[in-house]
Amino acid sequence: MTQNNPSSKNDQRAVRLEKLQKMRDEGTQPFPDRYECTHDIKAACDLKPGDTVRTAGRIMLSRNMGKLTFAHIQDLGAKIQVCLQRDLVGAEAYKWFGKMADIGDFVGVEGEIFHTKTGELTIRVKDYIFLSKSLHPLPEKWHGLVDIEACWRQRYLDLIMNDETRKRFLFRSKLISTMRRFLDDNGFVEVETPIIQTKPSGARARPFITHHNSLDMVAYLRIAPETYLKRLIVGGFNRVYEFARCFRNEGMDPSHLQDFTMLEYYSAYWNYEDNIAFTQKFVKYIIGELFGTLKIRCGENEINFDGEWPRMSFRELILRDSGIDIAEFEAAEPMCAAIKARGIEIESIDELNIAALTDQLYKKVSQPKLIDPLFLTGHPIELSPLARCNDENAKITDRFQLVINGWEVVNAYSELIDPIDQCRRFEDQARMKEEGDDEAMPMDEDYLTAMEYGMPPNSGWGMGIDRFVSLLTDSANLRDVVLFPLMKPVGGAKPAPKQAATGSGAPKAEADEKIDDAGITRERALELLSQNVTGKVLRCHSLASGAVMKALAERLGRNPQVWEIAGIVHDLDFDRVQDEDRHTLETAEILRKEGAHPALVQAVLAHNAEGLGLERKTEFDFALTCCESITGLIAATALIMPDKKLASVKAKSVVKRMKKKDFARKVNRDLVLLCEEVGLSLEEFAALGLKAMQSISDDLGL
RNA sequence: GCGCCAGUAGCUCAGUUGGCAGAGCAGCUGAUUCUUAAUCAGCGGGUCGUAGGUUCGAGUCCUAUCUGGCGUACCA
């Protein structure tokens, strides 16, 4: 009957688990530790009929013809057909393969290369070894995985199923190694500079802000490696480069990632002219090495990297494409009028200063037309706070961008090495910041000091690697060239803790008086406790915290039901998360879903204020923290009694134990002392806590 | 942020005016010693993104919400 048929369970994974169990039962190791290959699959494909081979891969297709089975096995580099003949591998082994091996499993095969009747290169398997079980069916063999979201979230599936994905990422790796080789061969030294920084400088962008716990200070993820690499120029590294992961907290779209890779290099004694020459050599080398030609297709365009690349200034380009000569304008208003007069539309045009206006105008009228490589020069000084000012024209900088297919691929300039000028530029930026430009750079004194020790003339260079890869692989979205792009978690992103603590700014009394309903019942709290908490110790800790909270609420004239519930549920996720610092986030999520009162959720979060970088604000917050903390101390005190009973414990001995640091070391004494924040002395609090725990001593087993 | 679109079996997709939720691949049982998305016969498989609502009846209509795409604005 169908009841005995595993397939009726509607679970392909269950079928595979059953096969796995069968393998174990019969003594076959389904997950062996190694297999020795003579060739990878790509190498096997180059063999001649008659050659023998041992290779391994993932089974992608299987066609059973009765006493003959064809299958395809695949690795990152290639796939090859294998052929199992019953008469060659033996009846037992042949039958076993048919029963046990699924599409997606790994197998090692040994045999002789031959051509099938239709001419396909195939391994005639003499012997095989099962190498690993796949518990999930792979995506459909013909269409493969096309859901773009799945490709990003489960890149490994994308890599298994899609040949171009494999090629694209191999290309990216090869590109980076080619760049590295060229730079190394030209006397550059690869270095690593800090990602966590105290000042976000080196570019105009909004940083990710984080908190450094042990220094208790704001820290930033770097937006660019620039100022550190230039410190190295000061330090005597004449040619340095870094493949730098950078982070910018800005919009997410097909051409912007929050976490991206920039290559920057700096060479002492070069100006931007030297750099232009080097750039052309560098990029041509890379294209030649990777494509074997200097003309490549990109979408509808063919990009020609051959020949001498043209140079044009902002002014020339804009004049050519719009008829506006930006040199004629001293202020924003007349330029704005000129732009409007020509019917060119720029968003919030009236709010832009002259530099931003120039930039926007260029992006609108010129940038999309630039397909073949072009060096764009003559950038306004306001847009280039770290670039050297031009000796002839103080309004522009010695800077260039390499534009390819409408994208700014490279940005480079003669570096500003005059510390006095640099200081002034920082001050200008600071002013712009005050005026509301939140991308303007902050003052960076430490960098200025480095400059004041003397920086040789030099020119620096930066390239967005992801964009370059995207350009060269004709990828529409930058996330296609990053292995694991950032995605919102399925089921909703967790709000930042600060947002979670809504209303926490309210004064203590006010916040507390509002809580007359926890939002969940005591019964539900206990249910949640047994669902989420498996450990006995944690369960007792939760119940004890509830009891102490209840007693404290009665003492302070607060709502005992609500406070008890807070104690019961405060550590729901601790068993799962197993991380002092990170726990409570999941608990808060559970409670929110249950409809718990926001103040309760906040108190729960705040009991781990240290770990999460939060602040305790309300009486409720402090109460939960100190109650939860003292339970451990009281329980530990009970355990050293001869009868290990709470009944034998005196409040005085609990207080004494506070001072012995080695006793119950995990209990944070500072948190227990927070009882003073709610107006109780340690003595009174210890007595209250002890009494509360004694009242439920049976439940606690103490 | 805003606007438009999408989410149905493990995968790729149908689903009419609101009327019993479908196909192919994958899986299971069997046939098959040269297949190429093998083929043939049979079987099983669903929280229609989630939560509400309208209705005798909702995959379909309404509201909210989640996830994603594309466009738009700012940044590389």
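Scope of the values below: all heavy atoms of this structure, side chains included, with no hydrogens, waters or symmetry mates. Everything numeric here is computed off the predicted structure, so don't read it as measured data. Proteins get letters first, then strands, A, B, ... in listed order; numbering begins at 1 in each.
- Screening residues 143-166 of chain A for ring pair (Phe, Tyr, Trp, His ring centres under 6.0 Å), with sequence neighbours left out, gives no hits.
- Heavy atoms of M463(A) sit nowhere under 4.0 angstrom from any nucleic acid atom.
- Protein atom NE2 of H72(A) is 13 Å distant from nucleotide atom P of U35(B), rounded to whole Å.
- Using C1' as the reference atom, U12(B) and A26(B) are 11 Å apart when rounded to the nearest Å.
- Ring geometry, F243(A) versus Y241(A): the interplanar angle exceeds 60°, so the pair is classed perpendicular (tilted spans 30 to 60°).
- Here the closest non-hydrogen pair linking Y272(A) and F400(A) is O-CE2, 3.6 Å.
- Of all nucleotides listed (C11(B), A38(B), U67(B)), A38(B) comes nearest to the side chain of L61(A).
- Closest heavy-atom contact between F130(A) and A101(A): CE1-CA, 4.3 Å.
- Listed pair K99(A) / G30(B) meets the phosphate criterion, a side-chain N or O lying under 4.0 Å from OP1 or OP2.
- At a cut-off of 3.5 angstrom, the base of U35(B) holds no donor-acceptor pair with the side chain of E120(A).
- Using C1' as the reference atom, U72(B) and U65(B) are 24 Å apart when rounded to the nearest Å.
- Nucleotides U39(B) and G24(B) have their C1' atoms positioned 15 Å apart, rounded to a whole Å.
- Among the nucleotides G69(B), U35(B), C70(B), the one closest to any side-chain atom of N477(A) is C70(B).
- A gap of 15 Å separates the P atoms of G27(B) and G10(B), to the nearest Å.
- In this structure, the CE atom of M487(A) is 16 Å from the P atom of C66(B), given to the nearest Å.
- Distance check on atom C1': G57(B) versus C20(B) gives 12 Å, rounded to whole Å.
- Here the C1' atom of nucleotide A37(B) and the CG atom of D163(A) are 16 Å apart, to the nearest Å.
- You'll find that the side chain of R124(A) is closest to C34(B), out of U32(B), C34(B), U12(B).
- Between W309(A) and F375(A), the ring planes are tilted. Angles from 30° to 60° get that label.
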Nucleotide N/O of nucleotides 71-74 of chain B paired with protein N/O under 3.5 Å:
{"from": "C74(B)", "atom 1": "OP1", "to": "Q360(A)", "atom 2": "OE1", "distance (Å)": "3.3"}
{"from": "C74(B)", "atom 1": "O2'", "to": "E439(A)", "atom 2": "OE2", "distance (Å)": "3.1"}
{"from": "C74(B)", "atom 1": "N4", "to": "D253(A)", "atom 2": "OD2", "distance (Å)": "3.0"}

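- Remark: R180(A) pairs with E190(A) by the side chain to side chain donor-acceptor pair (under 3.5 Å) rule, at least two apart or across chains.
- Across all strands shown, G464(A) has no heavy atoms under 4.0 Å from either base or sugar-phosphate atoms.
- A residue-by-residue look at L68(A) and D102(A) shows that D102(A) has its nearest nucleotide of RNA chain B further toward the 5' end.
- When ring centroids are compared, F97(A) and Y128(A) come within the 6.0 Å threshold.
- Taking the charged nitrogens against the carboxylate oxygens, D51(A) and K48(A) have no contact shorter than 4.0 Å, which rules out a salt bridge.
- Per the geometry, CD1 belonging to I160(A) stands 18 Å off P belonging to G10(B), to the nearest Å.
- In the set U12(B), G69(B), U35(B), U12(B) carries the atom at the smallest distance from any side-chain atom of L145(A).
- Contacts of E164(A) classified as side chain to side chain donor-acceptor pair (under 3.5 Å), with partners at least two apart in sequence or in another chain: none.
- Residues D147(A) and F114(A) each lie close to RNA chain B; by heavy-atom proximity, the contact nearer the 5' end of the strand is made by D147(A).
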Would you tabulate the nitrogen or oxygen pairs shorter than 3.5 Å linking the protein to nucleotides 5-9 of chain B?
none

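- Shown here are the side chain to side chain contact (heavy atoms under 4.5 Å, CB included) partners of S470(A), two or more places apart in sequence or in another chain: W407(A), S475(A), L478(A), V481(A).
- Nearest heavy-atom pair, D105(A) versus R16(A), reported as atom, atom and distance to 0.1 Å: OD1-NH1, 4.2 Å.
- Atom pair M60(A):CE and A38(B):P shows a separation of 12 Å (rounding to whole Å applied).
- Going from the C1' atom of U50(B) to that of U16(B) covers 27 Å, rounded to whole Å.
- Here, C62(B) and C43(B) have their P atoms 39 Å apart, quoted to the whole Å.
- Between F282(A) and W461(A), the angle of the ring planes lies from 30° to 60°, which puts this pair in the tilted group.
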Show me the donor-acceptor pairs, under 3.5 Å and distance only, between side chains in residues 78-86 of chain A and residues at least two apart or in other chains.
{"from": "Q81(A)", "atom 1": "OE1", "to": "R63(A)", "atom 2": "NH2", "distance (Å)": "2.9"}
{"from": "Q81(A)", "atom 1": "NE2", "to": "T122(A)", "atom 2": "OG1", "distance (Å)": "3.0"}
{"from": "Q85(A)", "atom 1": "OE1", "to": "R124(A)", "atom 2": "NE", "distance (Å)": "3.1"}

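- Nucleic acid contact for W152(A): sugar-phosphate only, since backbone atoms but no base atoms lie under 4.0 Å from a heavy atom of the residue.
- In this structure, K593(A) atom NZ and C66(B) atom C1' are separated by 11 Å, rounded to whole Å.
- Residues passing the salt bridge (Lys or Arg N to Asp or Glu O under 4.0 Å) test with R425(A), sequence neighbours excluded: D421(A).
- The phosphate of C28(B) has OP1 or OP2 within less than 4.0 Å of a side-chain N or O from K19(A).
- The side chain to side chain donor-acceptor pair (under 3.5 Å) test applied to E26(A) returns T28(A), W96(A), not counting sequence neighbours.
- Across every non-hydrogen atom of G460(A) and A412(A), the tightest pair is O-CB, 3.0 Å.
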Fill in: Watson-Crick and G-U pairing of RNA chain B written in dot-bracket, each distance under 3.5 angstrom, with | for inter-strand partners
(((((((..((((.....[..)))).(((((.......))))).....(((((..]....))))))))))))....
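- Rounding to whole angstrom units, CG of residue L121(A) and C1' of U35(B) are separated by 15 Å.
- An OP1 or OP2 oxygen of U35(B) is reached within less than 4.0 angstrom by no side-chain nitrogen or oxygen of R63(A).
- In this structure, E408(A) has no salt bridge (Lys or Arg N to Asp or Glu O under 4.0 Å) partners at least two apart in sequence or on a different chain.
- G462(A) comes within 4.0 angstrom of no nucleic acid atom, judged by non-hydrogen atoms across all strands.
- Q85(A) comes within 4.0 angstrom of a nucleotide base, judged by non-hydrogen atoms across all strands.
- Rounded to whole angstrom, the span from the CZ atom of F70(A) across to the P atom of U39(B) amounts to 15 Å.
- G22(B) and G71(B) are spaced 38 Å apart, taking the P atom of each and rounding to whole Å.
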Distances under 3.5 Å only, N/O to N/O: pair up the protein atoms with those of nucleotides 21-26 of chain B.
{"from": "C25(B)", "atom 1": "O3'", "to": "K141(A)", "atom 2": "NZ", "distance (Å)": "3.2"}
{"from": "C25(B)", "atom 1": "O2'", "to": "E140(A)", "atom 2": "OE2", "distance (Å)": "3.3"}
{"from": "A26(B)", "atom 1": "OP1", "to": "K141(A)", "atom 2": "NZ", "distance (Å)": "2.7"}
{"from": "A26(B)", "atom 1": "N3", "to": "Q12(A)", "atom 2": "NE2", "distance (Å)": "3.0"}

